[in-house]
Chemist: 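Below is a structure I'd like to ask you about.
We count ligands from 1, going down the list as the structure has it; atoms in each ligand are counted the same way.
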Amino acid sequence: MTAPTIDNDNWFTEVYEQGGTAFSLRVRRKLHAEQSPYQLIEIWETTDFGNLMTIDGFVMLTGRDNFLYHEMMSHPALFTHPDPKRVAIIGGGDCGTLREVLRHPGVEHALQVDIDERVTRLSEQYFPELCESNTDPRAELYFGDGIQWMKDAEPGSVDLVIVDSTDPIGPAEGLFSEAFYRDCHRALGEHGLVVQQSESPLLHYESIIRPMHKAMRDAGFTDSVSLQFPQPVYPSGWWTATLAGKRPVTEFRESDAQAKPFATRYYNAAIHRAALAQPEFFLRSQD
Ligand code: SAM
């Protein structure tokens, strides 16, 4: 979706051709580059945003602002489920979502299924703070295709599926399909939820967010909502996580969120409530 044009004269620039926009970060140097069996992974040292990971030229995360994304991909869904114990993260190879999930003492098992082991190994090296929960006895790292893993999952064996994937091109394309959501629905227990990164409200509402709601509901989920949050390093700087469930997803365990037994930098109960508010253009286009 984003043309991976790189201007290497001190500025890394990701051009989003379709939107007529670009985002740049000033870099000091490239720390690492490798072509894995799946994708080109590069690590850069920026002057002001910590380390930067790109995949095929697209920004994945920076040390400075990944907390916004990782916290919003995990805590709203975990505080919506009444008692999440078994969590599957599809993608998420940088391990930041895994770390947030494991902050919840009630979680008994969190499995991360990323197709590319090299993303995790490089994250361990260049983003060690994101990987600090990888040795938690409740964590399991599995390297394989998330689409296949979900097809093979035992019915009712998971409470929450978090789809922390790259953009819907290449190996991640099938993670945005009704067939995949059907497999999630089957693998999820009674109060099961799926949450997926769903790109920019401004740039991708018609092309990604709206079709995602339709596909999730066609797959059997009875309710869905897109939560919004700022994400400075992604196109437009404004991002969403779309939550779908077998039960209503706009109510959450607000008092538990208020009394959460761990520190966050962005997420709290008021942010959760605010992120559920829907812009007029979302509401109008549902007519
Ligand atoms: N926050 C990031 C973003 O939105 O740009 C995503 C970060 S995470 C690094 C994305 C991960 O999805 C990558 O590590 C990639 O290997 C993984 N991935 C892509 N397709 C996949 C698939 N079919 N199964 C499992 N993991 C997949």
Chemist: When you check the gap from the basic side-chain N to the acidic O, do Asp116 and Arg118 get nearer than 4.0 Å?
Modeler: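 Result for this pair is no, no salt bridge flagged.
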
Chemist: Look at the rings of Phe79 and Phe262 and say which category their plane angle falls in: under 30° parallel, 30 to 60° tilted, over 60° perpendicular.
Modeler: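 Judged by the thresholds at 30° and 60°, the geometry between Phe79 and Phe262 is parallel.
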
Chemist: Does Leu40 share a hydrophobic cluster with Trp44, counting links as ILVMFWY side-chain heavy atoms below 4.5 Å and allowing steps through other members?
Modeler: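 No, no single cluster joins them.
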
Chemist: Consider only side-chain heavy atoms of I, L, V, M, F, W and Y, link residues closer than 4.5 Å, and tell whether Phe58 and Ile115 are in one cluster.
Modeler: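 As far as the 4.5 Å side-chain criterion goes, Ile115 and Phe58 are not connected within one cluster.
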
Chemist: Could you go through ligand 1 and list every pair where one of its N or O atoms sits under 3.5 Å from a protein N or O, giving the atom names and the distance to one decimal?
Modeler:
residue, atom, partner, partner atom, Å
ligand 1, 1 (N), Tyr69, OH, 3.3
ligand 1, 1 (N), Tyr234, OH, 2.8
ligand 1, 4 (O), Tyr234, OH, 3.4
ligand 1, 5 (O), Tyr234, OH, 3.4
ligand 1, 14 (O), Asp114, OD1, 3.3
ligand 1, 14 (O), Asp114, OD2, 2.7
ligand 1, 16 (O), Gln39, NE2, 2.9
ligand 1, 16 (O), Asp114, OD1, 2.7
ligand 1, 20 (N), Ala172, N, 3.4
ligand 1, 23 (N), Asp145, OD1, 2.9
ligand 1, 23 (N), Pro171, O, 2.9
ligand 1, 24 (N), Gly146, N, 2.8
ligand 1, 26 (N), Ile115, N, 3.1

Chemist: Would Tyr205 and Phe282 count as a close aromatic pair, with their ring centres under 6.0 Å?
Modeler: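 Yes.
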
Chemist: Please verify the inter-ring angle class for Tyr267 with His75; under 30° counts as parallel, over 60° as perpendicular, anything in between as tilted.
Modeler: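 Because their plane-to-plane angle lies in the 30° to 60° range, the rings of Tyr267 and His75 count as tilted.
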
